[in-house]
Trainee: 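Okay, handing you the structure first.
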Amino acid sequence: MYRTHTCGELRLENQGNEVTLAGWVQRKRELGGMTFVDLRDRYGITQLVFDENSSDAITSQLKKLGREFVIQATGLVRERSSKNKNIATGEIEIDVKELKVLSPSVVPPFTIEDESDGGDDIRMKYRYLDLRRTPVRENLILRAQMAHAVRSYLNEQDFIETETPVLIKSTPEGARDFVVPSRMNEGEFYALPQSPQQFKQLLMVAGFDRYYQIVKCFRDEDLRADRQPEFTQIDCEMAFVEQEDVLSTFEGLTKYLFKAVKNVEITDFPRMPYSEAIANYGSDKPDTRFEMLIKDISEVVKGKDFKVFDDAEFIGAISAEGCANYTRKQLDALTNWVKRPQVGAKGLVYVKCNEDGSYKSSVDKFYSQEDLQQWASICNAKAGDLILVLSGDKSAMLYALGALRLEMGKQLGLMDKNTFKPLWVVDFPLLEWDEESQRHYAMHHPFTSPKAEDIHLLDSEPGNVRANAYDLVINGVEIGGGSVRIFDSELQAKMFSLLGFTKEEAEAQFGFLMNAFKYGAPPHAGIAFGFDRLVSLFAGLDSIRDVIAFPKNNAGRDVMIDSPSPIAIEQLDELSLKLNVKPQDN
RNA sequence: GGUGGCGUAGUUCAGUUGGUUAGAAUGCCGGCCUGUCACGCCGGAGGUCGCGAGUUCGAGUCUCGUCGUCACCGCCA
């Protein structure tokens with residue numbers, strides 16, 4: 001036994017007890033004749049006291065102590081003469097009788113404090129030190145609590161937690177696969193799962209009825225603050241259910257998590273068709289914490305000799321509340337912002353709705369006060385508001401207006417991290433057209449069932465077929481998504497042909513699933529939540545890296561262990577691999 | 001693949017129009033200090049200005065390239 005108590009639990013009622021604590025030296029304060037040491041572990045901080053009465057042995061040990069030394073101290077708990085109300089153990093201290101250095105520390109490269117002086121780079125390189133810091137540790141504790149809550153909810157609902165293989169088979173659809181060469185099968189590769197999709201459907205065929213798993217998934221695509229090459233899903237599938245059953249079950253899970261983990265009651269849980277999300281928010285993951293909806297003003301702005309609008313496919317606007325007083329400089333900044341290639345607008349037209357009821361716009365030459373009043377009325381803009389107008393190709397401008405809306409929401413402080421607005425986005429298109437390869441791709445995945453009422457459109461206008469697919473969106477973050485699956489092998493074959501697979505290709509890639517469906521497949525549907533995103537949302541963070549113990553950087557590198565890395569030629573030989581790395585030009 | 005930001009002491013940053021010996025805070029080391037808790041006071045050490053080329057009498061500063069890192073677009077069924 002290295003300790004009798006943790007550094008977070010001793011109180012005044014322990015006064016007089018002899019205790020042994022072990023932990024890290026947070027800080028040493030020498031005041032000449034006496035010295036204080038803050039001893040830290042994951043539970044808290046306890047103050048150790050040494051004075052002139054301490055033995056020479058202790059004094060010489062004490063002299064050597066530096067930050068992050070691991071020590072063990074034994075002594076009596078006593079009341080402090082001057083108390084610290086800021087920490088839980090602030091009324092007591094340990095009068096140390098024995099001191100042992102268990103493990104010394106070199107000087108750490110940054111301070112191990114709530115507000116560290118270290119930047120991201122160095123904290124990632126020394127992640128094991130960063131994890132000692134309370135805010136980082138608390139994020140991971142939150143993650144553990146949430147995983148626990150997910151399991152208790154789903155177990156309670158009779159879901160069976162089942163593991164599925166990590167070494168599986170590469171499929172052409174979807175994201176790029178991470179692949180693993182097989183030593184025993186020369187020239188052949190496993191793939192790491194992008195999700196356990198086909199296995200969970202097979203578990204439904206197997207009669208498991210309700211499956212879940214908190215599981216790692218892998219996608220070899222470029223990364224973002226909210227995307228890691230390996231990430232964790234709460235993966236679920238249910239048999240003998242319709243879309244509504246899945247939505248209500250996982251609405252239940254979401255509400256349960258908010259209540260159990262954050263003590264937040266979620267009452268409103270709207271559904272929004274995909275088409276409405278795109279039209280009003282310019283996004284399939286609308287942030288509904290604030291309004292500022294996109295309005296189509298194409299009809300009323302055309303025919304006034306303003307060529308830019310007359311030639312545009314679509315003219316859309318949003319109204320930013322209380323921004324009529326924006327200066328020329330602010331408007332120029334916004335204009336530059338929307339003209340960035342990432343947003344892609346050609347320019348920005350504004351209308352200031354002045355407090356006196358008049359309107360001042362950048363296109364006054366073409367539009368009368370009455371015209372502008374009409375715009376304002378469509379945009380629900382009142383005196384003091386600023387209308388921002390973009391024009392151009394419809395889908396591009398909806399996207400740009402959506403981005404501008406979020407930017408304005410951010411500038412106006414409308415995105416409160418403690419407000420949570422979940423919704424289901426439903427009725428996604430089944431397919432999306434890819435210009436480059438001139439074919440349709442499954443928007444969700446190839447096993448997603450079309451809506452029954454749209455099946456007749458599959459041949460005539462496949463692009464307009466809606467799917468029984470749904471996403472859970474909270475505060476503009478895509479938390480999860482799923483679909484009702486096809487369980488009819490004929491319809492599945494039809495889907496494969498729409499996606500441009502020959503019978504043989506479909507057989508080679510997905511034969512095992514299609515075979516399974518021949519043996520009595522129950523109607524089934526499923527969903528997966530991005531667990532990292534959900535935790536970061538709960539923690540009020542923008543990057544999922546902060547809720548992952550050992551994350552990777554933008555380029556998919558782990559800067560702590562320095563991976564990925566080359567392997568020995570012998571390893572390559574054993575795997576029957578030859579490298580073909582292109583030389584750098586220069 | 002593309003766009004942009006950043007890279008200066010262990011760390012976080014400042015560094016003017018290109019001009020003498022590159023600064024601050026913090027951390028670190030030494031000294032003093034018996035109630036501190038971001039202890040205080042005094043002193044000290046610490047720099048390949050990411051790397052490479054170029055412009056210039058002269059580059060931390062300007063140009064180009066490159067590497068690293070972050071954010072975004074493409075991509076992510």
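Reckoned from all heavy atoms, side chains included, excluding hydrogens, waters and symmetry mates. All chains are named by letter (A, B, ...) in the order of the sequence lines, taking the proteins before the strands, and each is independently numbered beginning at 1. The structure displayed is predicted, hence computed values, not measured ones.
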Trainee: Could you check which nucleotide pairs with B/rC41 in any of the strands shown, counting Watson-Crick or G-U wobble with both distances under 3.5 Å?
Mentor: B/rG31
Trainee: Taking B/rG18 as the reference, what is the distance to B/rU61 when you measure between their C1' atoms (whole Å, please)?
Mentor: 6 Å
Trainee: Please state whether the phosphate of B/rA71, meaning OP1 or OP2, lies under 4.0 angstrom from any side-chain nitrogen or oxygen of A/Arg545.
Mentor: yes
Trainee: Which of these, A/Thr111, A/Val37, A/Ile45, A/Leu39, sits in a side-chain contact (heavy atoms from CB on, under 4.5 Å) with A/Gln26?
Mentor: A/Ile45
Trainee: Expressed as a whole number of angstroms, how long is the span from A/Asp120:CG to B/rG68:P?
Mentor: 17 Å
Trainee: B/rU61 pairs with which nucleotide, Watson-Crick or G-U wobble, both distances below 3.5 Å?
Mentor: none
Trainee: Return the pairing partner of B/rC75 with a 3.5 Å limit on both distances, Watson-Crick or G-U wobble; otherwise return none.
Mentor: none
Trainee: So does A/Arg227 reach the base of B/rC76 with its side chain, donor to acceptor, closer than 3.5 Å?
Mentor: yes
Trainee: Report yes if the distance between the aromatic ring centroids of A/Phe510 and A/Phe496 is under 6.0 Å, otherwise no.
Mentor: yes
Trainee: When all nucleic acid strands are considered with a 4.0 Å heavy-atom cut-off, which category describes A/Phe428: base, sugar-phosphate, or nothing?
Mentor: nothing
Trainee: Heavy atoms under 4.0 Å is the rule here; annotate nucleotides 34-42 of chain B 5' to 3' with B where the base is hit, S where only the sugar-phosphate is, and - elsewhere.
Mentor: BBBBSB---
Trainee: So which one's nearest nucleotide on RNA chain B is more toward 5', A/Leu223 or A/Met443?
Mentor: A/Leu223
Trainee: Please report the distance, rounded to the nearest Å, between NZ in A/Lys125 and P in B/rU12.
Mentor: 12 Å
Trainee: Select base, sugar-phosphate, or nothing to describe what A/Thr35 touches, counting heavy atoms under 4.0 Å on all strands.
Mentor: nothing
Trainee: Check whether NZ of the Lys or CZ of the Arg A/Arg439 lies under 6.0 Å from the centre of the six-membered ring of A/Tyr441 and within 45 degrees of that ring's axis.
Mentor: yes
Trainee: Tell me the closest heavy-atom pair linking A/Thr171 and A/Gln509, and the distance in Å.
Mentor: CA-OE1, 3.8 Å
Trainee: Mind checking the P distance from B/rG52 to B/rU8? Whole angstroms is fine.
Mentor: 15 Å
Trainee: Closer to the 5' end of RNA chain B via nearest nucleotide, is it A/Thr111 or A/Pro446?
Mentor: A/Thr111
Trainee: Report, one pair per line, the protein and nucleotides 2-6 of chain B atoms (nitrogen or oxygen only) whose separation is under 3.5 Å.
Mentor:
unit_1	atom_1	unit_2	atom_2	d
B/rU3	O2	A/Gln342	NE2	3.0

Trainee: Rounded off to whole Å, could you give me the CD-to-P distance for the A/Gln194 and B/rC75 pair?
Mentor: 16 Å
Trainee: For A/Asp562, what residues pass the salt bridge (charged side-chain N to carboxylate O under 4.0 Å, His left out) criterion, not counting sequence neighbours?
Mentor: A/Arg557
Trainee: Does a donor on one side chain sit under 3.5 Å from an acceptor on the other, for A/His524 and A/Gln201?
Mentor: yes
Trainee: Could you tell me how far apart A/Lys63 (NZ) and B/rC33 (P) are, to the nearest whole angstrom?
Mentor: 12 Å
Trainee: Before accepting this row, confirm whether a basic side-chain N of the pair A/Asp120/A/Arg123 lies closer than 4.0 Å to the acidic partner's carboxylate O.
Mentor: yes
Trainee: Could you tell me which nucleotide pairs with B/rG4 by Watson-Crick or G-U wobble geometry, both distances under 3.5 Å, or answer none if nothing does?
Mentor: B/rC70
Trainee: Let's test your reading of the model: under 3.5 Å, does the base of B/rG74 pair with the side chain of A/Asp222 as donor and acceptor?
Mentor: yes
Trainee: For A/Ser565, is there any backbone N or O sitting under 3.5 Å from a side-chain donor or acceptor partner on A/Ser563?
Mentor: no
Trainee: Test side chain to side chain donor-acceptor pair (under 3.5 Å) on A/Gln228 and A/Asp532; report intermediate values, then the result.
Mentor: CA-CA 9 Å; A/Gln228 285 273 299; A/Asp532 312 276; over 6 Å; no
Trainee: Rounding to the closest angstrom, what is the interatomic distance between B/rG46 and B/rC64 at atom P?
Mentor: 36 Å
Trainee: Which nucleotide in the set B/rU69, B/rA71, B/rC75 lies at the smallest distance from any side-chain heavy atom of A/Asn554?
Mentor: B/rA71
Trainee: Have a look at A/Lys64 and say if it touches a base, only the backbone sugar-phosphate, or nothing, with a 4.0 Å heavy-atom cut-off.
Mentor: nothing
Trainee: Expressed in angstrom and rounded to an integer, what is the separation of A/Ile112 atom CD1 from B/rG27 atom P?
Mentor: 14 Å
Trainee: Write down the distance between CG (A/Asp558) and C1' (B/rG68), rounded to a whole number of angstrom.
Mentor: 16 Å
Trainee: Rounded to whole angstrom units, what separation is found between the CZ atom of A/Phe69 and the C1' atom of B/rC28?
Mentor: 13 Å
Trainee: Does a side chain donor of either A/Gln197 or A/His445 reach within less than 3.5 Å of an acceptor in the other side chain?
Mentor: yes
Trainee: Would you indicate what A/Ile122 reaches in the nucleic acid, counting non-hydrogen atoms under 4.0 angstrom: base, sugar-phosphate, or nothing?
Mentor: sugar-phosphate
Trainee: Would you say A/Arg67 reaches B/rC28's phosphate, i.e. side-chain N/O to OP1/OP2 under 4.0 Å?
Mentor: yes
Trainee: Remember a base hit wins even if backbone is also touched, and classify A/Asn553 as base, sugar-phosphate or nothing at under 4.0 Å, heavy atoms.
Mentor: sugar-phosphate
Trainee: Find the distance A/Glu115:CD to B/rU12:C1' and express it as a whole number of Å.
Mentor: 12 Å
Trainee: Taking the ring of A/Phe231 and the ring of A/Phe218, is the distance between their centroids below 6.0 Å?
Mentor: no
Trainee: What nucleic acid atoms does A/Val559 come within less than 4.0 Å of, heavy atoms only: base, sugar-phosphate, or nothing?
Mentor: sugar-phosphate
